[in-house]
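Notes follow once the structure below has been shown.
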Protein chains: 2
Amino acid sequence: MTRGRPVKVRLNAVILAVRDERPLLLTVAAGDGAVDALPAGVLDADGDRTLELALRRLVREQAGLELGYVEQLYTFGDRGRDPRERVLSVAYLALVGEGCAAPAAAGARGAAWRDGYALFPWEDWREARPAALDRVIGPALRDWASSVAERQERVAINFGLGGSRWDPTRVLERYELLYELGLVAERARDRQERSGTALGQAMALDHRRMVATALGRIRGKLSYRPVVFELLPEAFTLSRLQRVVEALAGMRLHTPNFRRLIERGGLVERTGAMATHTGGRPAELYGFRREVLRERPAPGVGLPRSAP
Amino acid sequence: MTRGRPVKVRLNAVILAVRDERPLLLTVAAGDGAVDALPAGVLDADGDRTLELALRRLVREQAGLELGYVEQLYTFGDRGRDPRERVLSVAYLALVGEGCAAPAAAGARGAAWRDGYALFPWEDWREARPAALDRVIGPALRDWASSVAERQERVAINFGLGGSRWDPTRVLERYELLYELGLVAERARDRQERSGTALGQAMALDHRRMVATALGRIRGKLSYRPVVFELLPEAFTLSRLQRVVEALAGMRLHTPNFRRLIERGGLVERTGAMATHTGGRPAELYGFRREVLRERPAPGVGLPRSAP
DNA sequence: GGGTGTTTTACTCAGGTTGAGTAAATCAAC
DNA sequence: GTTGATTTACTCAACCTGAGTAAAACACCC
C-alpha cells in the first residue's frame, strides 16, 4: 500500500438562511481580506466525536452561531485547491432559521451574511431571465462550443440553451463550466493570469464551488425532503413559505398550484392563528406537519418540471 | 484555530455490478481474514491529482480492475470507526458492466465478488417479503419502539410498518437502526460484547455501512439519472434492463409499465438487431439514447411510489 | 408437425397529478 | 366607501401512473 505524506484535513461550512426573500450565506474574512471565505477549521482528532459535531463546534467558535439542520455535502481533495499545501476539505451544508440569521450573530472574525445571488447572478430567475446569460454567458458558451458536439451537449444540458430546459439544480455544473471558460475570477487567480471577465462575487480558494454544490443540493432536495421548514419559524403563512422556496429555487411559482401541493400533500397543518399583514387579506398561519414523514416516502415542495 | 494531531485519510471503493439478476460487490480479504473488506488505500498527496484518480489507481492496483462510472459517496470520520487509530475515510461508489465483473478480474489480494443481498437479506423483496422482516426484525423493532412515540415514528418511516410504505432507498437508515438494536454482528464487535443476533453477512470496520450508503444512493439515483446503463452492455433487451433495475431496487416491476416508461421516456433506441433467446419470443436489442440528457432534466427509470 | 409453454409486445382504462387560468373573499390604506 | 393588494377557492385539459388483458413469436416436447 502506498504511503504518501499525510494530508491536512479541514472542515468547511456553507451556512444558508433566507431573509427578505433573499438567500443569505454566512462568510468570514479570508486571510488576505480581499475576498470572503467560508467558516472552516480542522478536526480535533481527540476532542470531536464526529465530523458533524466538529463542524458545529467550529461554527460556534468562529461565528457564535448554533446550527440546526446540518448535512454533509462533499469532500474536496484535488491537488492545487490550496496553493500552500495539499488539503482535504469536508464541506457541510447548514440551514438556520430567520431568527438565527440576525446580523447580531455575525460578529466574530468578520463574519457577515452575504447575498447568495451576488455569487451566482445567473441563478436568480425570479424577476426575469438573468441579464448576464444573454449579455456575457450565452455568447461565450456559443463561441466555446461552436462545432464541437460534445461541448454543445454540455452547454445545452446545463444552461438550457439548445432546446433543453433550465434545470435549477445544476448550479455546480454551471459554475464549473464558467470556470473552465474563464468567466469567473477564480480561474485567472488559480492560474496566476491577468483576470478578464469576473461574473459574480469571488471567494477564497474553491469556496464558491462549495457554495454552488450547496445551492444545487438544496434545490434538488426541496422536491423530496421538507428542508424548507428549517429556514422558517414555527408558524408561517403559505405565501411566506412560497417566498422562501422561490428564493432558493431562483424561480417564481404558480401560487394556486403551490398551495394545492402543500395543503393536499399534507405538509402543513393550520394553527388557527392569523397573520396580521401589511396590505391584502390576512393569511392563516400554518405549521410543518411532521406526520407527513410517515405517510409519504418523498415529501417535498416539488419545483415544476417544465419551463416557466 | 484548534490544531489537533493529524488524522489519517483513506479512500474506500464500493464497486457494484449486476450478474445473473444479482447485485454483486467486489470485496478483498480483511486483515484478520475472518470477514470481507472493501478495497481501500491512502491518497498519494504527491502523485494523485484528484481523489477520484487516486481511487481508480487503488482499485487497479488491488483488484486489477479498470473502473468506469465513479461517484463520491460520503466521508466517514466518527471516532471509533477504526479501533486502532482515527481515520477519515472517503467512500466512493463505482459501477462496472457485466463484462468487467467476470470472476477473472478478481484475483489479487483475495478479491472476490459477493452477493450484495447476502449483506442485506431484508432488502430483497423480489421473490417475496423477506422472511427476516417478520421473523426477527419486526418483533425486535416493535419491542424496541413500544410506547416510545419517537422510536415508533422512526420504525414506521424506515421499515414501512405502521401504515407507511417501504421506501427502497432508506437502506442506510435501516442498517443503522438494526445496528442500534444489536441485530447485526458489527454492533457487538464494536462494543466488544458477546454477539447475539447477526443478520446478514458482516464486514470489516464500518464497511457494511458504506455499502448500505451505496445501495441507497444508487436506488435513489435510478429514478432521475440513467445510471443503470453503466451496468449493461452496449446492446441489451428491455427485459434484461428490467432485471438489472429490479436487482438493484430489490423489487419486481410491472413489465408493461416499465417498457412504456423506458420507450416513451426516450431513454433507449432500437438497434435493429434481435436477441436469440432461450425460451419465449425473441427480443429486440436496444441501446442507451444519449440525447435524452438534453431533453429531460431528470431521466431515470422511476421506481413505483406505491407499495407493490 | 402440432400442441405447449414462455417471453415479448401491444393495447385499454380508470384514477391521480400537474400546469395553467379565472375569480371570489378579506383586510389595510387612502 | 373606494381602491389596492393579497389570500383563498374553484375549474379544466393534458399528462402520467398503476393495473389489467391479450395477442404475437419463438423454443421445446411429444
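Bear in mind that the values here come from a model prediction, so they are computed numbers and not experimental data. Throughout, a chain's letter reflects where its sequence line sits, starting with A, and its residues are numbered from 1.
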Choosing from D:dT7, C:dT8, C:dT26, which nucleotide comes nearest the side chain of A:Pro282? C:dT26
For A:Arg126, side-chain contact (heavy atoms from CB on, under 4.5 Å) partners two or more places apart: A:Glu21, A:Pro23, A:Tyr117, A:Asp124, A:Glu246, A:Ala247, A:Arg252
With a 4.0 Å cut-off on heavy atoms, is A:Leu238 in touch with a base, just the backbone sugar-phosphate, or nothing at all? nothing
Separation of A:Arg252 atom CZ from D:dT6 atom P, in whole Å? 11 Å
Nearest-Å distance for atom pair CD/P, residues B:Glu284 and D:dA25: 13 Å
Would you please classify the geometry between the B:Trp166 ring and the B:Phe159 ring as parallel, tilted or perpendicular, with 30° and 60° separating the classes? perpendicular
For A:Asn257 and D:dT11, what is the distance between atoms CG and C1' respectively, to the nearest whole Å? 12 Å
For residues 221-240 of chain B, which residue pairs qualify under ring pair (Phe, Tyr, Trp, His ring centres under 6.0 Å), counting only residues two or more places apart or in two chains? B:Phe229-B:Phe236, B:Phe229-B:Phe288
Centre of B:Trp113's six-membered ring, under 6.0 Å away, within 45 degrees of the axis: is that where NZ or CZ of B:Arg22 sits? no
Measuring from the side chain of B:Leu261 (C-beta onward, heavy atoms only), which nucleotide among C:dT8, C:dG19, D:dT17 has the closest atom? D:dT17
B:Arg151: salt bridge (Lys or Arg N to Asp or Glu O under 4.0 Å) partners, not counting sequence neighbours: none
Quick one: A:Arg240 CZ to D:dT6 P, roughly how many Å, whole number? 15 Å
Base, sugar-phosphate, or nothing for B:Thr237, non-hydrogen atoms under 4.0 angstrom? nothing
Separation of atom CZ in B:Arg259 from atom P in D:dG20, rounded to whole Å: 19 Å
In this structure, how many angstroms lie between the P atom of C:dT9 and the CG atom of B:Leu241, rounded? 12 Å
Under-3.5 Å N/O pairs linking protein and nucleotides 21-23 of chain D:
none

Indicate whether OP1 or OP2 belonging to C:dT7 is found under 4.0 Å from a side-chain N or O atom of B:Ser239. no
B:Arg129: partners by salt bridge (Lys or Arg N to Asp or Glu O under 4.0 Å), with sequence neighbours left out: B:Asp134
Just the rounded figure in Å: distance from C1' of D:dC10 to CZ of A:Phe258. 19 Å
Salt bridge (charged side-chain N to carboxylate O under 4.0 Å, His left out) pairs, two or more places apart, involving residues 291-302 of chain B: B:Arg289-B:Glu295
With heavy atoms under 4.0 Å as the rule, sort B:Arg264 into base, sugar-phosphate or nothing. nothing
Residue B:Arg260, side-chain heavy atoms: nucleotide from D:dA9, C:dT12, C:dG19 that is nearest: C:dT12
